[in-house]
Amino acid sequence: MALHGINTGVPGIYSYFRRMNEFAKKYFNPILFLSTVLGFILPQPGELSGPMILAVLCFIIFASSFKVDFSPDFFRAQTKTVVGFYIIRFILLPLLLFWIVQPLSPFYATALFLLCILPCGVTSPAFSNVFKGNITLALALLILSSSLTPLVLPSLSSLLMAETLKVDQFRLFATLFITVIFPYLAHLPVRRHQRISRWMRNHDSFISIFGIAVIFALAIAEYRPVLLTDTAQIVPYFIINLLAFLFLYVFGYGIFFRANNANKVALLFSSGANNVALGVVVSFLYFPPEMGVFFVVSEIVWVLVLIPVRKLMLKLAGG
């Protein structure tokens with residue numbers, strides 16, 4: 001009887017998670033919006049916020065890695081795309097925007113430069129997966145941009161700005177390694193277990209979306225005092241961030257207009273879903289307080305912009 005109960009219970013569990021997976025994809029935007037609201041209600045995590053966010057990010061990448069295949073065919077087909085997109089999007093574009101905006105506003109020139117030079121967010125492969133993009137391409141861009149950020153960001157900023165970034169490169173590399181590379185390496189031995197591998201591939205949308213919601217709630221809860229005290233600056237920061245993120249998404253989708261749709265989706269999220277959390281840390285550590293406020297607002301806009309982006313993706317997919 002016990003054995004029979006276990007056998008009949010397992011399909012029920014799989015069915016439950018399958019429903020949760022479909023629920024997460026269907027109510028993607030309301031879940032993220034609710035997480036933003038919860039961020040203004042929950043108590044501040046304090047010193048626990050960093051480790052908790054890091055743990056959730058690691059698990060998202062771990063789950064997404066089961067759909068990744070860095071095969072020789074991938075490198076033969078995508079090396080030019082990965083390297084070319086990185087140079088255009090993460091080096092040339094930030095420099096160009098800085099030089100264009102600098103005569104109008106040194107503050108916004110610096111803010112947009114930092115926003116654009118930030119590496120792909122660890123959520124970009126997850127979003128690419130949810131919307132049927134090339135997750136392997138997204139992860140390759142994530143690893144490349146994250147690995148080079150400790151070198152590129154301080155070097156270019158010291159050439160352009162009066163504020164010189166003296167980033168602890170070892171610490172930054174360690175953080176990026178734990179967040180991005182370690183989860184991928186950790187999944188490799190587990191990948192051989194067919195049942196676990198199949199379960200992860202079938203339910204990673206559920207893991208990614210709810211994991212992202214937890215991250216947003218924790219980040220907003222932690223920086224809530226800043227948002228509530230510097231209200232006069234929020235509106236212009238909100239508008240600039242909104243225009244910037246919309247531009248980055250359109251830029252990512254259209255830069256290689258002849259690419260197939262799966263690649264375009266991956267490039268779209270690699271461009272727009274960047275690592276704003278890293279921007280918050282860098283701005284608070286190395287720039288005036290108003291720059292930190294700008295990037296806290298970026299966190300909120302980052303979530304809101306996903307609403308029209310999701311509708312666009314569903315329309316393009318015919319859904």
Side-chain angles (χ1 to χ4, degrees), residues 17 20-21 24 28 31-32 34-68 118-130 135 138-139 141-143 145-147 149-150 167-168 170-191 193 196-197 199-224 269 273-282 284-285 295-296 298-300 302-303 306:
F17 279 110
M20 290 299 294
N21 202 54
F28 178 80
I31 291 171
L32 295 185
L34 179 61
S35 71
T36 304
V37 175
L38 288 175
F40 286 96
I41 301 173
L42 296 173
Q44 283 184 268
E47 295 181 356
L48 295 176
S49 61
M52 287 192 294
I53 290 175
L54 185 63
V56 177
L57 291 176
C58 286
F59 191 65
I60 290 174
I61 294 299
F62 175 82
S64 299
S65 295
F66 285 88
K67 283 193 172 182
V68 172
L118 293 173
C120 303
V122 294
T123 54
S124 58
F127 285 134
S128 297
N129 176 57
V130 170
I135 187 174
L139 187 59
L141 282 165
L142 170 62
I143 294 173
S145 62
S146 297
S147 300
T149 293
V167 179
D168 185 337
F170 176 78
R171 185 176 180 182
L172 187 53
F173 266 122
T175 300
L176 295 170
F177 178 87
I178 293 172
T179 306
V180 180
I181 301 174
F182 174 76
Y184 176 76
L185 297 177
H187 105 283
L188 292 175
V190 184
R191 189 186 186 109
H193 194 291
I196 296 177
S197 183
W199 192 92
M200 285 292 183
R201 289 196 302 269
N202 292 337
H203 300 89
D204 58 337
S205 294
F206 165 77
I207 295 170
S208 298
I209 293 171
F210 278 96
I212 293 165
V214 171
I215 291 170
F216 288 155
L218 290 172
I220 292 173
E222 180 63 22
Y223 293 105
R224 182 172 60 239
F269 285 110
N274 57 351
N275 196 339
V276 178
L278 180 61
V280 172
V281 174
V282 170
F284 270 106
L285 288 176
F295 275 94
V296 171
S298 296
E299 290 268 15
I300 298 175
W302 196 93
V303 178
L306 286 170

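Positions are given from 1 along the sequence. What you see below is based on every heavy atom in this structure, not just the backbone, and it leaves out hydrogens, waters and symmetry mates.
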*Taking it one step at a time, do Asn274 and Cys120 satisfy side-chain contact (heavy atoms from CB on, under 4.5 Å)?*
CA-CA 4 Å; Asn274 57 351; Cys120 303; 5.9 Å; no

*Would you find a donor on one side and an acceptor on the other, under 3.5 Å apart, between the side chain of His193 and the backbone of Val190?*
no

*Would you please name every residue forming a side-chain contact (heavy atoms from CB on, under 4.5 Å) with Ala273, sequence neighbours left out?*
Thr123, Ser124, Phe127, Tyr249, Phe269, Trp302

Distance-minimising heavy-atom pair for [X] and [Y]:
X: Pro43; Y: Ala221; result: O-CB, 4.0 Å
X: Ile31; Y: Ala213; result: CG2-CB, 3.8 Å
X: Leu142; Y: Ser145; result: O-OG, 3.3 Å
X: Gly211; Y: Val56; result: O-CG1, 3.3 Å

*Given side chains that start at C-beta, do those of Val214 and Phe210 come closer than 4.5 Å, heavy atoms only?*
no

*Determine whether Leu118 and Phe295 make a side-chain contact, defined as any pair of heavy atoms from C-beta on separated by less than 4.5 Å.*
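In contact.
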
*Phe62 CZ to Phe182 CZ distance, which is reported to the nearest 0.5 Å*: 9.5 Å

